Asker: 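My questions all concern the structure below.
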Amino acid sequence: MKVWIVDDNEIDVMINEKLVSRAYPSAEIKCFDDPRKLLEDAATGNLPDLIISDLNMPIHSGYELVAMVREHAPEVEFLLLSASVQDEEIERVKSLGDKVSIQEKPLNLD
Amino acid sequence: MSIKDKILYIDDEEPNLTSFKAAFRRKYDVLLAKDIAGGIEQVDANPDVKVIISDQNLDGESGVEFFVRIMNDHPEPIRIILTGFTDQDAMTDAINKANVYRFLIKPWNEIDLNKTIDSGIELYNTKRSFEQKTEELETAYNELNRFVYSASHDMRAPLVSVMGLINLAKDDESTANNTYIPLIERSILKLDTFVRNIVDYYQNKEKEKKIDVINFEELIEEAISSLEFYQDLSQIDITYSVNTTKPVHSDKFRIQVILNNLISNAIKYQREDDGKEITISIDDADNGCLLKIRDNGIGIAKEDQESLFEMFYRATTQNTGSGIGLYIVKEAVKKLNGSIEVESEFNEYTEFAVFIPNINTSNEGLDS
């Protein structure tokens with residue numbers, strides 16, 4: 001399984017990477033601290049199965065990332081993470097379909 | 001030289017207009033009109049006029065009529081009526097209808113009129129000043145709220161990073177037995193609870209109410225499972241029973257705030273012995289329901305019970321409260337138009353009883 005992780009906070013990237021590799025030892029993981037870099041890689045056509053993304057990033061929010069990636073690759077699954085998740089966000093994510101889910105940090109892969 | 005206050009005088013008799021202006025033009029910026037139409041024209045052109053003096057008798061029209069006409073568009077100017085001696089009875093009703101400040105008997109006496117105009121102007125100035133201060137206060141209050149919310153919300157980001165790191169450290173063999181880790185965790189969780197409380201407080205104040213049927217079982221389960229993350233529940237026997245026979249309509253967010261805080265307190269303030277219990281019950285009440293949360297913990301001394309809901313009040317040095325939880329509960333209960341009471345025996349038990357009324361969406365406009 002290929003997993004990409006993106007968060008402007010490097011510590012959170014590191015935490016998420018460790019959690020993913022513990023839960024899925026055979027997963028191929030790539031990390032980004034800038035959504036633009038992720039988009040550059042995505043443009044080369046080489047896409048993961050799952051993208052774990054922070055919601056509140058400068059330049060592009062998690063939502064924008066979902067929209068932009070789905071334009072070319074609608075099958076990619078997204079797990080959005082946020083320091084605090086309100087009802088409005090849960091509703092919004094629901095409306096994006098079942099390939100997108102949201103969790104309050106810290107990430108829990110149980 | 002300061003700008004003169006504007007006053008408007010309305011009289012259908014030309015000589016009166018002239019002598020009024022002559023008497024007062026040095027002191028004030030005098031505007032004149034001889035009928036209702038003229039009066040309206042003047043007020044529209046000079047909305048900053050502070051006092052309007054009108055003769056009651058305006059050749060077929062009345063001064064009171066004029067004041068009633070401009071009430072909606074120009075509520076600020078202070079109104080004075082000049083009336084003949086015989087009209088006094090009609091005046092009382094007119095004063096209420098037209099919001100008239102004073103009436104004076106004709107023919108007017110310059111000194112009395114002067115004094116009356118002066119107090120009218122003082123009243124106008126005081127009102128304006130008060131309105132401005134209120135506006136400034138409201139703006140400052142809103143800004144403060146937003147600031148507190150942003151600050152707290154932004155504080156969560158590094159907090160969750162630390163919580164994530166602590167989780168990693170607990171799972172990592174090399175650090176799992178480090179005694180500092182659980183201590184760091186406790187402090188961080190305490191800080192996190194406090195920050196969440198602040199965010200809850202702000203949201204309780206600002207968030208629109210969303211009325212729905214409340215699923216109490218779901219909310220209680222959620223509260224308990226989210227608290228498991230923060231506190232050790234293995235020693236405590238928590239039971240709940242939802243006995244309502246009718247659906248309860250209220251705001252889910254605020255009920256969550258109430259449940260989370262009260263259950264959290266029940267967990268925190270237990271005694272050291274065995275047999276720790278918490279019982280939660282929801283029963284029908286007159287057009288609503290009664291939520292009771294009872295624990296057999298350290299209890300609350302009588303002298304503390306009164307101040308319990310004050311911000312930052314702490315009745316015990318035991319444990320980990322920030323003192324803001326019950327304050328928020330009280331605020332949330334207020335928002336729901338409910339009420340909360342506490343009953344307690346020191347070292348025996350504590351029971352909180354919250355009355356949650358049904359909120360109909362039809363009278364949602366009545367906000368508190």
Side-chain angles (χ1 to χ4, degrees), chain A residues 3-25 27 29 31-35 52-63 65 79-95 101-110, chain B residues 148-176 185 188-189 191-204 206-212 214 218-219 222 225-226 228-230 251-257 260:
Chain A
V3 181
W4 285 4
I5 297 170
V6 60
D7 195 319
D8 59 309
N9 179 337
E10 305 165 323
I11 296 180
D12 287 355
V13 171
M14 187 266 278
I15 292 171
N16 293 337
E17 190 200 349
K18 284 230 152 82
L19 288 174
V20 172
S21 62
R22 278 191 203 163
Y24 306 105
I29 306 173
C31 296
F32 303 86
D33 62 1
D34 186 333
I52 298 178
S53 170
D54 183 24
L55 195 51
N56 300 315
M57 293 180 288
I59 317 291
H60 295 301
S61 73
Y63 292 128
L65 208 58
L79 173 52
L80 297 172
L81 298 176
S82 172
S84 83
V85 175
Q86 310 299 335
D87 280 339
E88 295 85 45
E89 268 125 16
I90 299 181
E91 290 305 312
R92 185 170 174 180
V93 166
K94 273 206 199 130
S95 74
S101 54
I102 188 165
Q103 251 190 47
E104 202 171 77
K105 291 184 183 178
L107 171 61
N108 185 334
L109 289 168
D110 295 337
Chain B
V148 167
Y149 177 75
S150 301
S152 317
H153 191 254
D154 291 344
M155 267 194 264
R156 280 218 90 230
L159 259 181
V160 296
S161 295
V162 176
M163 294 201 292
L165 290 168
I166 290 175
N167 286 338
L168 284 181
K170 287 200 293 191
D171 281 341
D172 188 327
E173 281 171 3
S174 64
T175 45
E185 187 178 36
I188 290 297
L189 289 179
L191 180 58
D192 187 45
T193 305
F194 185 62
V195 170
R196 278 168 177 272
N197 277 345
I198 295 178
V199 172
D200 277 352
Y201 170 77
Y202 169 84
Q203 294 201 308
N204 177 52
E206 300 294 315
K207 214 168 154 173
E208 294 275 308
K209 283 191 264 202
K210 207 169 138 216
I211 307 301
D212 240 327
I214 303 295
E218 190 183 69
L219 295 183
E222 261 174 36
S225 67
S226 68
E228 264 164 1
F229 184 70
Y230 291 87
D251 176 87
K252 178 174 155 185
F253 170 73
R254 281 145 185 112
I255 299 215
Q256 278 173 319
V257 167
N260 288 342

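Only a predicted model underlies this, so the values are computations on that prediction, with no experimental measurement involved. Side-chain atoms are counted along with the backbone in the values below, which use heavy atoms only and exclude waters and symmetry mates.
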Asker: Might you confirm whether atom CD of B:Glu222 has over 12 heavy atoms from other residues, nucleotides or ligands at distances under 6.0 Å?
Answerer: yes
Asker: Against chain B, label A:Glu88 side chain, backbone, both or neither, depending on which of its atoms sit under 4.5 Å from a heavy atom there.
Answerer: side chain
Asker: To the nearest 0.5 Å, tell me how far A:Lys18 NZ sits from B:Leu165 CG.
Answerer: 9.5 Å
Asker: How long is the gap from CG on B:Asp154 to CG on A:Asn56, to the nearest 0.5 Å?
Answerer: 9.0 Å
Asker: Of all the heavy-atom pairs spanning A:Asn9 and B:Ser161, show the shortest one and how long it is.
Answerer: ND2-OG, 3.1 Å
Asker: If you measure from the Lys or Arg side-chain nitrogens to the Asp or Glu carboxylate oxygens, is any gap between A:Glu104 and B:Arg196 under 4.0 Å?
Answerer: yes
Asker: Over all heavy atoms of both residues, which pair between B:Gly164 and A:Pro106 is shortest? Give the atoms and the distance, please.
Answerer: CA-CB, 4.0 Å
Asker: Should A:Arg22 and B:Asp172 count as side-chain neighbours, where that means a heavy-atom distance under 4.5 Å?
Answerer: yes
Asker: CG of A:Leu19 to CG of B:Asp171: how many Å apart, nearest 0.5 Å?
Answerer: 8.0 Å
Asker: With a 4.5 Å cut-off on heavy-atom pairs, point out which of B:Val199, B:Leu168, B:Val160 contacts chain A the most.
Answerer: B:Leu168
